[in-house]
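Chain letters run A, B, ... following the sequence lines, proteins first, then strands; residues in each count from 1.
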2 protein chains.
Amino acid sequence: MGRPRTPLLSKDAIAMAALRLVDGTGEFTIAQVADALRVRPSSLYNHVSSKGEIVEAMRSLVFREGGVSREGGLAAGDSGPWEQTVRAMLRRYRECFARHQRLIPLVTAYTVSSPEVMGMYDELAETLRAADVPDGQLLDVITMCDSVVFGAALDLAAPDEVWAVDQARSPALIAAIQQAGSGRQRSDRAFDLALDILVAGIARLADGA
Amino acid sequence: MGRPRTPLLSKDAIAMAALRLVDGTGEFTIAQVADALRVRPSSLYNHVSSKGEIVEAMRSLVFREGGVSREGGLAAGDSGPWEQTVRAMLRRYRECFARHQRLIPLVTAYTVSSPEVMGMYDELAETLRAADVPDGQLLDVITMCDSVVFGAALDLAAPDEVWAVDQARSPALIAAIQQAGSGRQRSDRAFDLALDILVAGIARLADGA
DNA sequence: ACCTGAACACCGTTCAAGT
DNA sequence: ACCTGAACACCGTTCAAGT
């Protein structure tokens, strides 16, 4: 066939096709992506150099789609109360992956931080510093925020049977599971509670406790 | 060759060989495991039914090795202050994976909960209930503990370059990165801080705040 | 510059055949 | 019951050949 007059592929097009596959099945294959784009597998290598690069492209795509990389109305310069800023940022961060839950295990495998994520950390750092968190603990707090967001996202991706009653043996855990709601609602509520605890903890640090 | 008089393989032997590979390279292959055990790839299928089952076997092995599944001196019946019990449990949980950091992304892919992990959640639930955390929030708190532990373990597994100064653009983040120590120490300190925040937050819940 | 077709080394898994 | 050898369908990746 030779070269087409206008390119059939692009990195973003590849990422979008792969993301659609991951959303649907939790996995993707070079051959499947090529099929979806009506192209031969080897053609992809004119635009990406490995399967891992496609994963990175998907991560970047998801962040751009969620508006995390943009300098939006919640940027560091915002003069509002830092609690609300932090809550909004972490919520937005989690929301990105809430829409693409099955991507989470894939990006967890590589912990490379794309520029989009770094921009998010920059914002968070500015906000926390403005809230008087000591420099020496800034990175630790950010690490915990990251853990909570990623944990919440993973929790969101997990099938409902994670908390299977029949596996639990203690009365306390059985009661807890029975009180809990269904998948998405429970996960959202758990995240809200985590944000409460996080913000309260940060406030204590800022007060020099 | 035919059947040997005494079996050459067992599930645990396979898991141990695979774990050694993962510890060394972050990956494992059926062929590699077979080679390490001086056996043919197809032989493994007399003891496990898939590659995924080997991952599960590794998870189980790591927990047994770390003593998480045992009913140890820190069991639910312990009458000491709940803060210390919670701290010790989560620390022990994280420690399991600290010794096998590269296993983390693999077990994160499947979120199946083995009996060993469930036993850990049972203990945690009993402790938190005894500490007067309301039933309705028990599972949310457990979810957050899980997030923090897994996040800390992932953080431990990540290469040092996660927080690459040259990627950061804000003064606050650059300062934070420069103040932070090296890999293991920083990660340990971050986890300690997370435990502080976690325990303080739980205490607030228990007080009915 | 960009798509193709053929080829490469490797992958996980199955199963009849051996003892 | 348990290891083997051969086979299967598939995998990611490379590269000379085409336009």
S.K.: Could you please name the option among dT4(D), dG12(D), dC3(C) that lies closest to any side-chain atom of T29(A)?
M.R.: dG12(D)
S.K.: Within this structure, what is the CZ-to-P distance between F28(B) and dC10(C), rounded to whole angstrom?
M.R.: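 Whole-Å distance recorded here is 18 Å.
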S.K.: Side chain of Y45(B): nearest nucleotide among dT14(C), dG18(C), dC3(C)?
M.R.: dT14(C)
S.K.: Can a side chain N or O of S43(B) be found less than 4.0 Å away from OP1 or OP2 on dC2(D)?
M.R.: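 No, because none of the side-chain N or O atoms of S43(B) sits under 4.0 Å from OP1 or OP2 of dC2(D).
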S.K.: Begin from the C-alpha positions of D23(B) and R102(B) and carry the test salt bridge (charged side-chain N to carboxylate O under 4.0 Å, His left out) through to its verdict.
M.R.: CA-CA 6 Å; D23(B) 283 343; R102(B) 316 193 65 167; over 6 Å; no
S.K.: Round to the nearest Å and state the distance from L44(B) atom CG to dG5(D) atom C1'.
M.R.: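 Taking atom C1' of dG5(D) as the reference, CG of L44(B) is at 15 Å.
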S.K.: What's the NZ-C1' distance between K51(A) and dC10(C), to the nearest Å?
M.R.: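 It is 14 Å, rounded to the nearest whole Å.
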S.K.: Tell me whether the side-chain N or O atoms of S42(A) pair up with the base of dG5(C) as donor and acceptor below 3.5 Å, since no angle test is needed here.
M.R.: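 Answer is yes: a donor-acceptor pair is held.
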S.K.: Starting from C1' on dG12(C), measure out to CD on E27(B) and report it in whole angstrom.
M.R.: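 Distance, rounded to whole Å: 15 Å.
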S.K.: Between R3(B) and R40(B), which has a closest nucleotide on DNA chain D that is more 5'?
M.R.: R3(B)
S.K.: Between atom CG in N46(B) and atom P in dA16(C), what is the gap in whole Å?
M.R.: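 Value for this atom pair: 14 Å.
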S.K.: Does any nucleotide pair with dT13(C) by Watson-Crick or G-U wobble geometry, both distances under 3.5 Å, and what is it?
M.R.: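 dA7(D) is the nucleotide pairing with dT13(C).
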S.K.: Any donor-acceptor pair under 3.5 Å linking the side chain of D155(B) with the backbone of S187(B)?
M.R.: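 No.
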S.K.: Atom CG of L8(A) to atom P of dC3(C): distance rounded to whole Å?
M.R.: 5 Å
S.K.: For dA1(C) and H47(A) - does any side-chain N or O of the residue sit under 4.0 Å from the phosphate oxygens OP1/OP2?
M.R.: no
S.K.: Would you confirm whether T29(B), through its side chain, and A31(B), through its main-chain N or O, come within 3.5 Å as a donor-acceptor pair?
M.R.: no
S.K.: Quick one: Q32(B) CD to dG12(C) C1', roughly how many Å, whole number?
M.R.: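 Whole-Å distance recorded here is 13 Å.
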S.K.: Hey, does the side chain of S60(B) reach the backbone of E56(B) with a donor-acceptor pair shorter than 3.5 angstrom?
M.R.: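 Such a contact is absent between S60(B) side chain and E56(B) backbone.
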S.K.: Between D188(A) and Q185(A) (side chain of the first, backbone of the second, donor and acceptor by atom type, cut-off under 3.5 Å), is there such a pair?
M.R.: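 Checking the backbone N and O of Q185(A) against the side chain of D188(A), no donor-acceptor pair under 3.5 Å is found.
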S.K.: Going by purine N1 to pyrimidine N3 plus the second Watson-Crick contact, or the G-U wobble pair, all under 3.5 Å, which nucleotide sits opposite dC2(D)?
M.R.: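 Matched dC2(D) with dG18(C) under the 3.5 Å cut-off.
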S.K.: Round to a whole Å and report the spacing from CD1 of I30(B) to P of dG5(D).
M.R.: 18 Å
